[in-house]
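Here's the structure we're looking at; comments come further down.
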Amino acid sequence: MRSSWADAVENANSGSVENAGTSGASGASATSKSAYVPPHLRSKQPTAEPPAPSHTGPPSASDRFGYGGASGGPRYGVPRSDYGRQGYGGGGRGAGGWGSRSGGWSREREVNPFGNDDADGLAESTFSEQENTGINFDAYEDIPVETSGDNVPPPVNTFAEIDLGDALNLNIRRCKYVKPTPVQRHAIPISLAGRDLMACAQTGSGKTAAFCFPIISGIMRGGFPPRPRGTRTVFPLALILSPTRELSMQIHEEARKFSYQTGVKVVVAYGGAPINQQLRELERGVDILVATPGRLVDLLERAKVSLQMIRFLALDEADRMLDMGFEPQIRKIVEQMDMPPRGERQTMLFSATFPKEIQRLASDFLSNYIFLAVGRVGSSTDLIVQRVEFVPESDKRSHLMDLLHAQRANGVHGKQALTLVFVETKKGADALEHWLCMNHFPATTIHGDRTQQERELALRSFKSGNTPILVATDVAARGLDIPHVAHVINFDLPNDIDDYVHRIGRTGRAGKTGLATAFFNESNMSLAKSLAELMQEANQEVPDWLTRYASRASYGGGKGRRSSGARFGGRDYRRDSSYNRSGGGSDYYGGGGYGNYGNYGGGYGAGATSAWD
DNA sequence: AAAAAAT
């Protein structure tokens, strides 16, 4: 019989995971780098006269490797000499203390992104407690972490240990962040040291701040180049790419808070919305550009945007950005336009999952990078109760109805308990939404066939609790931070276990518990093995019938053991024996290209042990 | 086979 889902959550097994220390350094040897050449001194002639930097530009390659690159020994804590140090370390000047913009758009009045009248938002009562963040800080203990790479900078325990600057520190307080999350503790020092980074961490664990803080801080330290004259082309200093429009919007909103009154301007550009308004925003000035790939390519081809001045590149949901659908566009943006090559810019890749083959592709964009894997808040997926039920295709609707009725009966619905239902197709999403509405369950839907307006309306309506059921395709699977999602239902299971991981990650966020229910039937056999293993590793109850399906050889294909590692995120592919045997960097795989993607099930089963096994 | 991402 079925117990209520609320009971299931309550009875969640919250066994703790043993804490694994950071592992020893291994991985790629540093490759030699040529000295940094500012964009305006490079041989390639720009389409327009680029701005002359008011400083020495991005850190030189040798500087970038202050944590033990090719030559320099460890230089922990040594201040950067190439950055103007006036105001460094908190000169008490508040906003703009590090690098005041010499011209351009800093004098424009900036809208308070915190949405309150208390522009400072610093009344003691509001930032002294954790309740506003909704983050369960107790769950932060015993988070397993793995780092690898050369000379990994040590993590910090408090924001105070990091010198991000007065203006940014003020915004951290305004955001009511009390202490850094695990991914922030590790990733921020790595980024501030100028190192490239590949990070596995769930969204909702503070990932956006983990790459935004170093970018904002780095831009302020580096100083703002004067605006170019005689051209309408804009030259952002940082680029953040994400796979969906809504995620780009979300990152933009967060980044605006972090950069409030720092003089750092954040602009977002994505498709489905009028380009003219985005162009106007860009022309008013941009330091950090948040974008989806298609619209950015459009802007680049129209020469509205140049990437010549890029100092920081961040790819969110990096494994999706490098999969079959996106890889050509990303390569075009990163390798075939005018962005400085790896080693000259600083590159950060973030995702909750990082299959080995994708890591190989990603290493093309990185230079002597550090790999970081951080467990979820509360360790792994302990905070999500995962259930899988055998539901024939024809019974799915009535079964869904049963679940929803049970929730309603338990008073678990409305604003505080949203339900996110994933389906496979856009048509299926529309059909299910319609059917739910007919049956008096207020639902809406989000998928790629809807207009951008409809998509945004649907998301707002869901978030507000107005329509507490959202039927979604995979457009909503990644990155979206929707508070109060209590239940994720995989009405149709995805074919890829990593997609499953991202989907269920929409609940159980920020240290809260959640429930994930999957409808499994004959058409999901290819997922049986990986799903059973994933649930087992997350200490979830695996039904016997699923174990039986999983053990059948004919169904055991798929990916075999999870490519992305056991409990979360993944493992540095450079540490695999095949890599170590090659004794080289990514060049060894130069001819590998993308062709093998999808075949990476074999080959490393026994070798893919994790630090927590 | 599907979804996402430019017009």
Side-chain angles (χ1 to χ4, degrees), chain A residues 203 239-252 267-279 282 289-305 315-334 336-337 351-353 358 393 420-433 445-456 458-459 470-480 490-503 506 519 521-527 557-558 594 597-598:
Chain A
T203 45
L239 176 63
I240 301 172
L241 292 172
S242 95
T244 65
R245 298 164 183 172
E246 285 76 14
L247 186 52
S248 282
M249 295 171 60
Q250 178 181 303
I251 294 166
H252 173 242
V267 175
V268 67
Y270 52 82
I275 199 169
N276 282 336
Q277 196 178 334
Q278 291 174 8
L279 284 173
L282 286 169
L289 177 59
V290 184
T292 47
R295 177 55 59 91
L296 178 60
V297 168
D298 191 10
L299 291 167
L300 291 169
E301 286 174 345
R302 297 193 200 192
K304 300 294 185 185
V305 172
L315 301 193
D316 202 2
E317 307 298 338
D319 66 334
R320 169 64 85 224
M321 303 301 279
L322 293 171
D323 81 4
M324 313 258 285
F326 274 120
E327 197 216 3
Q329 279 179 302
I330 300 301
R331 281 203 189 276
K332 176 165 192 174
I333 292 166
V334 177
Q336 290 154 30
M337 302 305 287
S351 182
T353 56
I358 298 287
E393 207 62 39
L420 181 51
V421 183
F422 281 105
V423 296
E424 198 57 20
T425 67
K426 295 177 278 197
K427 291 183 87 168
D430 281 335
L432 187 58
E433 179 220 18
T445 183
I446 185 168
H447 60 70
D449 272 356
R450 304 200 80 191
T451 68
Q452 191 54 28
Q453 246 188 347
E454 290 170 327
R455 286 166 58 159
E456 289 169 25
L459 197 54
L470 179 66
V471 183
T473 60
D474 266 331
V475 69
R478 286 168 175 264
L480 293 187
N490 274 290
F491 189 88
D492 301 318
L493 273 164
N495 294 314
D496 186 325
I497 190 66
D498 285 334
D499 290 332
Y500 173 84
V501 171
H502 283 277
R503 286 180 177 187
R506 295 318 99 212
F519 295 176
N521 62 36
E522 304 81 9
S523 58
N524 308 118
M525 288 307 175
S526 65
L527 200 66
Y594 197 68
Y597 181 49

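Lettering of chains follows the sequences in order, A, B, ..., and the numbering in each one begins at 1. Please read all numbers here as calculations on a predicted model, not as lab measurements.
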#### Entry: Rounded distance (Å) that lies between atom P of dA4(B) and atom CG of Leu241(A)
19 Å

### Task
Compare the minimum distances between each of dA5(B), dA6(B), dA1(B) and the side chain of Tyr270(A), then state the nucleotide with the smallest one.
dA6(B)

### Message
Let's go through Val423(A) and Thr445(A) carefully: what are the C-alpha distance in whole Å and the side-chain angles of both, what is the deciding distance for side chain to side chain contact (heavy atoms under 4.5 Å, CB included) to 0.1 Å, and is it a yes or a no?
### Response
CA-CA 10 Å; Val423(A) 296; Thr445(A) 183; over 6 Å; no

### Task
Ignoring backbone atoms, establish whether Lys426(A) has a side-chain N or O less than 4.0 Å from OP1 or OP2 of dA4(B).
yes

### Message
Expressed as a whole number of angstroms, how long is the span from Asp449(A):CG to dA1(B):P?
### Response
18 Å

#### Entry: Listed nucleotide nearest any side-chain atom of Glu301(A), set dA1(B), dA6(B), dA5(B)
dA6(B)

### Query
Checking only heavy atoms, does the side chain of Asp474(A) share a donor-acceptor pair with the base of dA2(B) at less than 3.5 Å?
no

#### Entry: Phe422(A) CZ to dA2(B) P, straight-line distance once rounded to whole Å
19 Å

### Query
Where the side chain of Asp298(A) is defined as all heavy atoms beyond and including C-beta, which of dA6(B), dA5(B), dA1(B) is the nearest nucleotide?
dA6(B)

### Query
Could you state the CZ-P distance from Arg320(A) to dA3(B), rounded to the nearest angstrom?
12 Å

### Summary
Closest heavy-atom pair, Leu247(A) versus Leu480(A), reported as atoms and distance to 0.1 Å, is N-CD2, 3.8 Å

### Task
Looking at every strand, decide which applies to Arg245(A) at a 4.0 Å heavy-atom threshold: base, sugar-phosphate, or nothing.
sugar-phosphate

### Atom-pair distance (CZ on Arg478(A); P on dA4(B)), nearest Å
13 Å

#### Entry: Protein-nucleotide distance (Asp496(A), atom CG; dA4(B), atom C1'), rounded to Å
15 Å

### Query
Considering only dA4(B), dA2(B), dA6(B), which nucleotide approaches the side chain of Glu424(A) most closely?
dA2(B)

### Query
For residues 239-248 of chain A, which residue pairs qualify under side-chain hydrogen bond (donor to acceptor under 3.5 Å, both in side chains), counting only residues two or more places apart or in two chains?
Ser242(A)-Ser248(A), Arg245(A)-Gln452(A), Glu246(A)-Gln452(A), Glu246(A)-Arg455(A)

### Message
Need one value for Val475(A): base, sugar-phosphate or nothing, where a base atom within 4.0 Å counts as base even if backbone is also close, heavy atoms only.
### Response
sugar-phosphate

### Asp430(A) and His447(A): side chain donor to acceptor below 3.5 Å
yes

#### Entry: Integer-rounded Å distance: dA4(B) C1' and Leu480(A) CG
13 Å

### Query
Whole-Å distance between dA6(B) P and Leu279(A) CG?
14 Å

### Thr473(A) side chain near dA4(B) phosphate (N/O to OP1/OP2, under 4.0 Å)
yes

### Query
Given dA4(B), dA2(B), dA6(B), which nucleotide is nearest the side-chain atoms of Thr425(A)?
dA2(B)

### Query
Base, sugar-phosphate alone, or nothing: which one does Arg455(A) contact when heavy atoms must sit under 4.0 Å apart?
sugar-phosphate

### Message
Once ring-ring contact (aromatic ring centres under 6.0 Å, His included) is applied, do any residues pair with Phe326(A), and if so which ones, sequence neighbours excluded?
### Response
none

## Note on the structure
Side-chain atoms of Thr292(A) come closest, of dA1(B), dA4(B), dA5(B), to dA5(B)

